[in-house]
Every structure is written in structure tokens, then in C-alpha cells.
Amino acid sequence: MKNISKTYEAGKYEDEIYKLWENSGFFSPDKIKSKKKYCNVLPPPNANGELHVGNASGYVFMDIFGRYHRMKGEKTLLLPGKDHAGILTQVVYERKIKEERNITRHDLGREKFYKEAYDFCIDRASYMRAQEKKIGISADWSREKFTLDPDVLQIALETFVNMHKDGMVYRGERIINWCPRCATALSDLEVIHKETDGKLYYVRYPIKDSKKFITVATTRPETMLGDVAVAVNPGDLKYKDLIGKTAVLPLVGREIPIIADKRIDREFGTGAVKITPSHDALDWEIGNDHKLETIQVINEEAKITKLGGKYEGQGVLEARGNILEDLEKLGLLEKTEETKINVLICERCKNTIQPLISKQWFISVDAKKYSLKYESLKAVKNNKIKVYPENFRKTLIQWFSNLRDWCVSRQIWWGPRIPVWYCKNCGEDKYIVSIKKPDKCPLCKDPKLYQDPDTFDTWFTSGQWAYSTLGYPEGKNFKEFYPTDMMVMGRDILFFWSARMIMMSLYRTGKIPFKNLYFTGLIRDKEGRKMSKSRGNGINPLEMIDKYGADALRLSVFSGVTPGQDSRIYEEKIESFRNFVTKLWNIYRYCISSSENFELVGSIYEKEIKTLADKWIINELNKIILVVTSFLENKDISLAQEALRKFTWDQFADWYLEIHKIEKNEKVLGYVLDKILKLWHPFTPFVTEKIFQDLAEGKKLLMVEKWPVADGKMIDKKAEKDFKNLQNITTKIRNLRASYGISPSVIINAYSEKIENNREIIEKLARVKIILEKPEVKMIKISNLNLDIASLIDVKKETERMEKEIKNLESAILKTENLLKNEKFIKSAPEKIIEDNKNRVLEYKEKISLRQNLLEDLNQL
RNA sequence: GGGCAAUUAGCUCAAUGGCUAGAGCACCUCGUUUACACCGAGGGGGUUAUAGGUUCGAGUCCUAUAUUGCCCACCA
């Protein structure tokens with residue numbers, strides 16, 4: 001036997017194996033000749049950090065599907081990419097230059113900042129690529145794309161131009177979510193609602209020419225500086241007489257109307273609401289409908305503007321304090337209540353959002369010429385895309401149904417700029433949409449045009465990932481691989497990404513972006529908490545790979561995991577999968593130790609399958625090939641792994657190899673190992689390839705070996721039954737031993753009237769000695785073996801145990817027999833189920849008779 | 001407020017309407033038999049959250065209830 005270590009030393013081989021795959025050229029689909037194709041455009045990781053276990057998990061799923069299809073002989077392309085990740089990268093990079101150089105982006109200027117951020121992004125990207133390779137992802141790196149690559153970007157920008165032509169783009173002053181820290185507008189999705197403790201202030205607004213007041217309730221009293229009305233519900237009797245009257249805004253003195261609007265909730269607060277269209281989304285809508293003016297009193301830095309009078313320049317919270325104090329002095333602050341309020345915070349930097357009115361670019365989702373909303377809904381509802389798990393379809397439908405116009409402009413510097421040009425003479429009301437800078441203004445012919453300073457929402461470009469990376473519309477990759485087959489993503493970016501990909505792809509290509517959409521859950525820590533840097537509870541995938549190997553990490557992120565459901569990961573779990581990898585390794589060690597010239601066997605003749613154990617393991621192997629394949633086809637990779645592990649460990653290692661020590665059959669051993677390596681390869685590519693390389697002496701590559709196909713002729717029901725018998729006898733004897741503390745070193749004498757075919761096997765596995773002459777002692781009969789253990793066991797205890805087991809079996813039989821007597825069951829149940837039940841009764845009866853014989857024996861002792 | 005999910009062994013989770021509801025970890029007993037102690041043999045542990053219903057048959061489908069988590073949302 002070759003001198004190899006008892007455990008698989010992952011760290012020693014993994015990089016080498018990865019290089020072997022990479023150099024083979026089979027990561028590229030071009031080397032495979034087949035009409036069948038498989039393509040998965042890999043989601044870009046954020047190009048600015050470390051690979052975390054969530055990313056790693058996603059890639060493992062994609063790689064398993066990819067490797068499976070590649071082994072099925074399909075032209076397989078896993079196309080990797082990088083995302084510039086607009087706001088996130090800008091936030092990270094700004095933080096970095098602040099920490100390292102104590103400067104802001106303004107110190108650098110736009111151009112320099114962009115260049116530095118670009119270099120930073122590229123640098124992180126190559127760093128992360130090295131990490132992705134560590135988990136074994138079989139992607140075609142030669143086709144790698146970046147959202148800012150000129151060709152990819154060109155396609156994305158063209159979409160904007162096309163949308164503009166189709167009347168789907170408009171620029172408008174609207175209320176938007178403004179992050180004062182990031183100094184940009186945000187879409188609704190980028191804003192988090194966080195419930196916090198807050199206060200509800202009741203403020204009295206005097207009624208003009210009257211001594212009365214109308215009391216409004218507000219959580220943000222500083223916005224009152226911009227109030228333009230007080231609104232009540234038209235059906236609210238309390239305020240019926242006040243509608244149409246005028247209130248005088250305290251501290252400001254502005255006269256504002258009291259209006260009626262049905263959107264006002266009578267039950268909340270006092271039922272009267274101050275209306276500040278510049279700083280509240282609902283107020284903006286109400287203001288718009290009632291044609292009220294807008295007064296911006298809070299600026300982009302979250303400070304009070306000039307229009308805020310004496311509070312000008314104060315921060316929002318500072319102004320709030322002063323205003324409350326001043327109201328108090330005037331006796332206009334009626335009361336203060338504790339309440340829960342929804343604070344809006346920026347998803348990226350966690351600062352409080354200020355709703356502001358701002359001029360932004362919007363994409364209409366329901367334009368006349370093309371409705372993104374309707375077309376997406378239609379595609380999703382009509383099952384054009386298979387969704388795993390299926391119930392996530394509902395979530396998508398709900399989101400598309402409630403879809404509102406999409407604000408795509410951001411005021412950040414990092415990212416592609418909106419392709420819109422203005423002329424100084426003609427003003428910004430006139431603009432030209434063009435990717436290239438036009439020579440001159442089409443109106444006044446002035447050549448001095450300038451570009452809109454805004455950049456795109458990151459999701460505008462990544463939403464086009466499915467076709468832009470493939471080179472829409474003329475690219476070879478696009479023609480060959482679009483629509484793609486698979487998209488895997490975390491459920492947390494369902495709306496951000498999958499929804500936008502569906503909608504953008506349908507618009508641009510007229511086709512769905514992918515046929516299958518698979519959602520993974522989030523990976524949490526052992527206590528079920530989200531992993532976060534600040535909490536320090538994250539599992540670092542690279543550290544785990546160092547410690548336990550990539551295969552163990554891979555197993556631990558998808559095993560026991562249901563699509564779309566969150567899962568937990570912790571070191572003990574990874575460790576136990578490492579143990580399985582070691583098991584695989586030792587199976588290999590056994591094989592090569594069993595004979596000098598052990599080799600993998602691709603196909604086998606029936607005559608080479610000799611013993612009962614041979615027939616049985618081949619039978620089980622063919623069953624497991626069917627099972628694993630069908631689970632994989634259904635995308636149930638966790639179940640596939642589970643079934644395969646049971647076969648490998650519980651059947652092949654624990655039974656077949658043990659028996660193989662007694663009756664060697666190198667052909668069958670080599671044949672089964674060959675199939676096991678292939679079946680495991682998508683899940684644990686490194687260890688399987690390593691073993692395969694050692695055995696194939698580098699002549700072939702497991703990665704592109706053919707996926708095993710089950711052979712119906714190899715199914716052998718009789719062998720299955722006979723072997724089960726053998727297992728039963730063995731287990732029963734072991735069971736007796738364990739119950740009565742009979743050491744394995746004690747060889748039990750057994751007498752058999754009929755010499756067993758599998759005499760030696762039973763002798764070895766059950767540690768008995770089968771003798772041919774009946775000895776003159778009382779014996780206990782198990783199946784057709786008479787065991788001489790009377791003196792070793794506790795008769796009373798064993799009798800009780802047998803009785804208990806018989807009782808259990810009897811009740812199971814009763815249940816099944818009743819079922820079989822039931823006419824309705826016989827009438828409506830499928831044939832196979834009835835058959836199974838009948839067999840089950842027989843099986844139980846057999847077991848009972850075995851135990852009854854035992855009982856009789858026991859009684860005679 | 002709307003929606004989605006979860007609730008199964010001590011813990012983490014499986015289970016395609018059909019086998020006595022299964023694994024891994026943990027626990028208990030025994031065991032270093034030259035593949036593996038990162039192991040092997042065996043064992044204990046369950047009213048599948050609760051209450052109804054559909055069905056020949058329900059952990060699985062339906063209806064409520066409870067608890068937990070998540071997502072969406074313009075009650076200031």
C-alpha cells in the first residue's frame with residue numbers, strides 16, 4: 001500500500017487541484033461539444049470587502065449545479081462578475097480615506113475620487129476572486145465581467161436611452177428619501193424602517209380671528225416651519241366647522257388653510273394633521289392634490305434653511321429642541337406622549353433619512369408603450385420562471401403589484417453617470433439623452449454641453465447583468481446561452497435584484513433572464529442571530545477552509561438546508577462534515593490497501609458480480625444513482641447529499657467493505673468507488689478529484705467524467721431481500737451482545753442445521769463460531785442459528801424485551817391489516833402502496849415468529 | 001395595517017399525502033478486529049405547538065388559535 005496519511009489533508013492538495021482544473025480549460029464551455037447548454041451568470045459579490053459565508057454559500061449552490069450539468073456533458077458556463085456596488089463602495093471608500101488620510105471626497109475632487117475608487121474596486125475584486133477560488137467554484141474566469149467594463153456599461157446605458165425613447169423616463173421634482181450623510185437620493189428599497197421609541201407632540205395652532213385652537217400631533221415638530229396646511233378627515237364631525245377656516249402657524253405666523261382629505265386617520269392623535277409637503281411623503285401627495293405650495297425648511301445637510309427664519313442653520317434635532325421650548329413658552333405645547341415611531345434610516349450608512357423634494361430621474365414602471373410592471377407580473381404569474389422555493393413566487397407577485405416609479409438617479413460620484421446633457425444657454429428643462437457627448441446643442445448650436453452630475457442606482461446596471469455580461473444583442477455568448485438556466489441568490493435581495501433583472505430583461509430582450517430562480521436563506525450563527533462584523537459572530541469561510549477544508553465547508557452550507565429557509569452554521573457542524581470527508585478518504589485507503597493493483601472500474605459485466613454482497617451493493621448503487629439524480633434535477637441538493645451519504649457510509653463502508661475483507665472482489669470494489677467519486681464530485685470536488693487523480697494517474701479529469709446512469713438490469717430484488725436477512729441476523733446477535741455485555745472478544749458458539757452460504761461473513765461480522773455438530777446444551781435460536789449464550793444472558797430481561805418488541809410489531813400489523821381490510825383503501829390507494837403494505841405485514845410476521853421462537857428458547861432455559 | 005414563513009428528539013434540522021416520523025450533534029453502554037478513535041457496534045430519547053376539518057390514509061392539505069422570526073407599508 002502506498003504510504004498515505006490516515007486523514008485527508010485538504011490544505012495540502014486544494015490549490016494544486018484547483019490549478020489542475022483551471023489549466024485543463026474545462027471551466028470554459030468552449031471545450032465541450034454538446035447541443036445541450038447550461039449557463040449561470042454568477043451574481044457579483046460586492047467588490048469591496050471580504051468573502052463572507054453568505055457569498056460562499058451561494059457560490060457553492062451554483063457550483064454544485066454547474067458541476068452536475070458539466071458532468072452530464074452539457075456546455076456549461078458559470079460566468080463570474082464584479083459589481084461596482086455604488087453607494088456601498090462609496091461609503092466604504094470614504095471611510096477609508098477618512099481613516100487613513102483624514103480627508104473627504106471633496107478634498108480629492110470628483111475625478112480623482114472616481115479614479116481611486118475604481119482602483120480600490122479592482123484591487124478588492126482580484127482579492128475576492130482568489131477567495132472564491134478557494135471554495136472550488138468552477139467558473140470561466142476568462143469571461144469575467146465588471147459592471148463598469150465599457151462593453152457591459154454600453155449595453156446598460158443603451159437601455160436608458162431606449163427607455164427614454166419609449167417614454168419611460170422622466171425627470172421630476174418629487175419627494176424622495178435623502179440621506180444627508182451619503183448626500184444622495186435613495187430608492188424606497190434602500191431605506192430601512194426602524195421602529196424606535198419616540199415622542200408625539202401635541203401642538204396648538206391658533207385659528208385666525210378666533211380664540212380657538214386646532215391641535216395637531218407630530219413626531220417631528222421642526223417640520224412645522226414648512227407647514228402649508230392643516231388637514232382633517234372630511235367625515236370627522238369634530239372638525240366639521242373648521243374646514244375652510246384658516247389657522248395661524250405658530251412661531252412663523254403664516255396663515256394656512258384647514259383642509260379636508262380622506263387619507264387622514266381620524267383615530268390617530270387628534271385627527272388633525274399638519275401638512276408639510278416638502279418633508280413628508282404623504283403630505284407631499286396631499287399637497288400635490290390640493291395644489292399647495294412647498295416650503296423647504298430642511299436642507300440636504302439636515303439643517304434648517306433660510307425659510308426657517310430664526311432657526312436657520314440649526315441641525316434638525318437642535319431646532320426641534322428650540323422649537324419645543326418656544327412653543328412651551330407660548331403655551332402652545334399641549335402635551336407630549338411616548339410613542340413608537342418608524343424612523344427611516346439609510347440602508348448603507350444607517351443615518352436618519354430626510355424626506356426632501358428634489359429633482360430626480362425616474363423610470364415609469366407603468367408607461368403607455370411598455371409596462372415593466374405588467375409584463376413582469378405576467379411572466380411571473382404564468383410560471384415562465386421556475387421559482388425555488390415555489391412560494392417565493394407570491395412575494396415577487398406582491399412586489400410587482402405594488403411597484404411604484406423607480407428613482408434611478410443618485411447624487412454620489414461612484415458609478416456610471418446618467419447619459420443626459422444640458423446646454424447652458426437653453427437651461428436644464430431642455431436636455432439630450434445620449435451615451436456620447438453631442439457635438440452641439442441642437443437648439444442653439446452651442447458646443448459647450450455639460451453632463452448631468454447624477455449617477456445611476458446600482459441596481460439599474462446590475463439589473464441588466466443577465467444579458468449585459470453575455471454581450472446582448474449580437475454577442476456569441478448571448479446567442480448561445482440566453483436565457484440562462486439558473487440564478488441563485490439570497491432571499492434578502494429578492495426585490496433588489498431578481499425582480500429588477502426580470503423586469504429589465506423582459507424589456508430589453510423580450511425574454512426572461514433565467515429559467516430557474518433559486519433562493520437561499522440567510523446563514524446565521526449558532527444562536528440564530530444574523531452574522532455581523534460589529535457583533536463579531538461571523539464565521540470566516542477562509543479560516544474554516546484552512547482548518548477543515550473546502551469540501552467540509554461546502555457540505556456544511558447546504559446540508560440540512562431547505563431552499564429559502566435560513567440556516568445556522570457553526571464550527572462543530574463543519575467539523576462533522578470534515579469527518580465525512582475523512583471517511584471518503586479512508587474508503588479510498590481501504591481500496592488501495594486491499595490489492596496491489598487496485599483500479600477504478602468504469603463498467604462491469606454481470607458475471608463479475610459474484611457474491612450476495614456484490615449483488616446487493618450493485619443493487620443499492622443503482623438505486624442511489626436514480627435517487628441522487630432525481631433530487632438534483634429537482635434542485636433538492638440537501639436531500640441528494642443526505643441520501644448519498646447514507647449510501648456511502650452506512651451501506652458501502654459499514655457493510656460492503658467489512659464483508660469485502662472476507663470475500664474480495666476488486667472489480668466490484670473499483671466499480672462502486674468509481675461511481676461514488678462521480679456522484680460526490682459536485683458536492684465535494686476537491687477530495688474526489690484528488691482520489692481520482694491518484695488512481696487515474698493524472699490521465700483523466702473527474703470534473704468532466706460522465707455522470708453515472710443507473711442500469712435497470714442491475715436491480716436485484718432477491719439480493720436485496722437476502723442481504724437484509726443477513727443484516728438482520730448480524731444485527732440481532734450484536735444487539736444481544738450489547739444488551740448483555742458480551743464482549744466482542746468472546747466468540748459465541750453457534751450451531752446451524754443448514755450450513756449458511758454466508759457462513760464466514762456471519763462468523764466474522766457477528767463474532768460467532770458456527771459449528772457443525774449439535775452440542776448438548778440449551779441454545780437460543782436466531783433465524784437458523786442456534787446460539788450458545790444461555791449462560792451469558794439475563795433470561796428475564798431478555799424475555800421482557802422480546803415481549804415488548806412483539807407487542808410493538810403486533811400493533812403495527814394490526815394497523816396495517818385494518819388498512820388492508822378497508823375497502824375504500826383498496827379501491828383508492830395506488831397499487832404499489834397496497835403491495836407495500838401487504839409485504840410489510842409479511843415482514844412483520846416474520847420478525848414476530850423469529851422473536852417467538854426466541855421466547856420459546858428462553859422459556860426452556 | 002398587509003404579506004410570508006416557522007413551530008417535529010436535549011440542540012440543529014430532514015421527511016415527494018402512504019414503511020413503526022428520520023439524520024447529525026449531544027447523552028449512555030461496549031470496543032484500540034492492520035481503511036478510518038476525525039472510528040466501530042449497540043442503546044435511550046417523540047401526543048410532530050393547540051383545536052377542529054378534508055381524506056381509505058395527514059408532520060404533510062384546509063380553517064381557526066397561540067408563540068417566534070422575516071419582508072413590505074405614507075398613521076403624522
Side-chain angles (χ1 to χ4, degrees), chain A residues 1 6-8 175 188-189 193 200 216-220 223 231 263-265 267-269 272-276 280-286 341-342 355 389 391-392 394-395 398-399 402 491-492 494-495 522 526 528 548 559-562 564-570 572-573 575-583 585-594 630-631 634 636 638-639 642 645-646 653-654 657-658 661 731 734-739 741-745 764-765 767 808-809 811-813 815-816 819 822-830 832-834 836-837 839-840 843-844:
Chain A
M1 174 177 159
K6 288 189 173 188
T7 52
Y8 166 67
I175 190 131
D188 292 340
L189 271 187
H193 296 245
L200 187 60
V216 299
T218 178
T219 55
R220 293 190 302 154
T223 62
R263 280 165 283 195
I264 305 302
D265 181 356
E267 306 303 318
F268 190 88
V273 185
K274 57 193 271 318
I275 299 296
T276 324
D280 183 276
L282 178 61
D283 291 6
W284 188 83
E285 275 179 30
I286 292 176
I341 52 169
N342 257 335
N391 58 292
F392 275 50
K394 267 193 211 165
T395 318
Q398 199 202 348
W399 190 76
N402 299 327
R491 63 162 177 77
D492 52 332
L494 179 140
F495 300 135
L522 304 185
K526 198 176 181 179
Y548 301 106
S559 302
V561 171
T562 317
Q565 293 292 332
D566 290 358
S567 60
R568 303 182 185 196
I569 196 168
Y570 37 90
E572 296 94 301
K573 199 167 165 181
E575 199 183 334
S576 80
F577 284 111
R578 186 273 322 263
N579 293 351
F580 173 72
V581 173
T582 308
K583 191 74 190 180
W585 183 252
N586 275 290
I587 287 171
Y588 159 57
R589 285 186 79 223
Y590 172 78
C591 290
I592 55 174
S593 73
S594 75
S630 95
F631 276 141
N634 291 329
D636 280 322
S638 174
L639 296 179
E642 198 187 334
R645 183 163 42 93
K646 275 185 188 159
D654 288 347
L657 292 192
E658 289 309 316
K661 289 173 184 171
T731 308
R734 284 169 172 174
N735 192 311
L736 274 173
R737 274 182 186 281
S739 310
I742 306 166
S743 162
S745 57
K764 203 99 176 220
L765 296 184
R767 314 275 304 152
N808 283 344
L809 283 164
S811 78
I813 287 181
K815 210 172 133 186
T816 317
L819 190 62
N822 191 326
E823 273 173 40
K824 283 181 183 165
F825 169 72
I826 300 297
K827 226 171 72 187
S828 39
K832 184 177 181 311
I833 300 295
I834 297 173
D836 284 354
N837 275 290
N839 288 337
R840 202 170 308 133
E843 195 183 310
Y844 292 165

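Residue A/E572 is out of contact with every strand shown, counting any heavy-atom pair closer than 4.0 Å. Nucleic acid contact for A/K394: sugar-phosphate only, since backbone atoms but no base atoms lie under 4.0 Å from a heavy atom of the residue. Among the protein residues, A/Y548 comes within range of no part of the nucleic acid, since none of its heavy atoms lies under 4.0 Å from any strand. Contact annotation for A/S567: no contact, since no heavy-atom pair falls under 4.0 Å across all strands. Across all strands shown, A/A231 has no heavy atoms under 4.0 Å from either base or sugar-phosphate atoms. No contact: A/F580 has no heavy atom under 4.0 Å from any strand. Within the nucleic acid shown, A/G560 comes within 4.0 Å of sugar-phosphate atoms alone, with no base atom in reach, counting heavy atoms only. If you check every strand for non-hydrogen atoms under 4.0 Å, A/T562 touches sugar and phosphate atoms only. Counting non-hydrogen atoms under 4.0 angstrom, A/R645 reaches the backbone sugars and phosphates but no base. When heavy atoms are screened at a 4.0 angstrom cut-off, A/I286 is found touching no nucleic acid atom at all.
Remark: the A/K661 side chain and the B/A35 base include a donor-acceptor N/O pair separated by less than 3.5 Å. Under 3.5 Å, the side chain of A/E658 and the base of B/A35 form at least one donor-acceptor pair of N or O atoms. One can find a donor-acceptor pair under 3.5 Å joining the base of B/C38 and the side-chain atoms of A/R578.
When each of A/S743 and A/R840 is assigned the nucleotide of RNA chain B bearing its nearest heavy atom, the one mapping closer to the 5' terminus is A/R840.
Atom pair A/L639:CG and B/A23:P shows a separation of 15 Å (rounding to whole Å applied). Remark: C1' of B/C30 and CG of A/L736 are 14 Å apart, rounded to the nearest angstrom. Residue A/Q565 contributes atom CD, which lies 15 Å from atom P of B/U12 at whole-angstrom precision. Rounded to an integer number of Å, the gap from A/R767 CZ to B/C30 P is 18 Å. Between the NZ atom of A/K827 and the P atom of B/G18 there is a distance of 22 Å, rounded to whole Å. Counting to the nearest Å, the P atom of B/C30 and the CG atom of A/N735 are 16 Å from each other. Distance, A/K646 NZ to B/A15 C1': 9 Å, rounded to whole Å. Atom OH in A/Y590 sits about 16 Å away from atom C1' in B/C39, given to the nearest Å.
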Can you pull every protein N or O that's under 3.5 Å from an N or O on nucleotides 56-59 of chain B?
unit_1	atom_1	unit_2	atom_2	d
B/C56	O2'	A/N822	ND2	2.8

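Pair assignment for B/C27: B/G43, on the basis of Watson-Crick or G-U wobble contacts that are both within less than 3.5 Å. If you check B/U63 for Watson-Crick or wobble pairing at under 3.5 angstrom, you find it paired to B/A51. Base-pair partner of B/G1: B/C72 (Watson-Crick or G-U wobble, both distances under 3.5 Å).
The shortest side-chain heavy-atom distance between A/L765 and A/R734 falls under the 4.5 Å cut-off. Using a 4.5 Å heavy-atom threshold, the side chains of A/I742 and A/L736 count as separate. Between A/L200 and A/F268 there is a side-chain heavy-atom pair separated by less than 4.5 Å. Between A/D280 and A/T223, the closest side-chain pair of non-hydrogen atoms is not below 4.5 Å. Side-chain atoms of A/Y548 and A/V581, non-hydrogen and from C-beta on, never get closer than 4.5 Å to each other. The closest side-chain heavy-atom distance from A/E285 to A/I175 is not below 4.5 Å.
From A/R263, atom CZ reaches atom CG of A/L282 across 6.5 Å, with rounding to the nearest 0.5 Å. Here A/I813 contributes atom CD1 and A/Y844 contributes atom OH; the two are 8.5 Å apart, rounded to the nearest 0.5 Å.
Proximity of A/Y8 to the phosphate of B/C38: no side-chain N or O atom is located under 4.0 Å from OP1 or OP2. A sub-4.0 Å separation between OP1 or OP2 of B/U12 and a side-chain N or O of A/R568 is present. For the pair A/N579 and B/C39, the criterion of a side-chain N or O lying under 4.0 Å from OP1 or OP2 is met. Phosphate contact (OP1/OP2 of B/G40, side-chain N/O of A/K583, threshold under 4.0 Å): present. In terms of phosphate contacts, A/N391 brings a side-chain nitrogen or oxygen within less than 4.0 Å of OP1 or OP2 of B/A5.
Between A/E658 and A/K764 no salt bridge is recorded (no basic side-chain N to carboxylate O distance below 4.0 Å). Ion pair A/K274/A/D283 not flagged as a salt bridge, since none of the NZ, NE, NH1 or NH2 atoms sits closer than 4.0 Å to an Asp/Glu carboxylate oxygen. Using a 4.0 Å cut-off between a side-chain N of Lys or Arg and a carboxylate O of Asp or Glu, A/E843 and A/R840 do not qualify as a salt bridge.
The separation of B/G59 from B/A49, taken at their C1' atoms, amounts to 12 Å, rounded to a whole angstrom. Rounded to whole Å, the separation between the P atoms of B/G43 and B/C38 comes to 24 Å. B/A15 and B/A51 have their C1' atoms separated by 25 Å, with the value rounded to a whole Å.
Under a 3.5 Å cut-off, the side chain of A/K526 and the backbone N or O of A/E572 do not form any donor-acceptor pair.
Nearest nucleotide to the side chain of A/I587, out of B/U12, B/A35, B/U20: B/A35. Of all nucleotides listed (B/C36, B/U16, B/G24), B/U16 comes nearest to the side chain of A/F631.
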>> Across nucleotides 66-76 of chain B, 5' to 3', mark each nucleotide with B, S or - according to how protein heavy atoms within less than 4.0 Å reach it.
In response: ----SSSBBBB
>> If you apply the rule salt bridge (Lys or Arg N to Asp or Glu O under 4.0 Å), what do you find for A/E575 with A/R578, and how did you get there?
In response: CA-CA 5 Å; A/E575 199 183 334; A/R578 186 273 322 263; 3.8 Å; yes
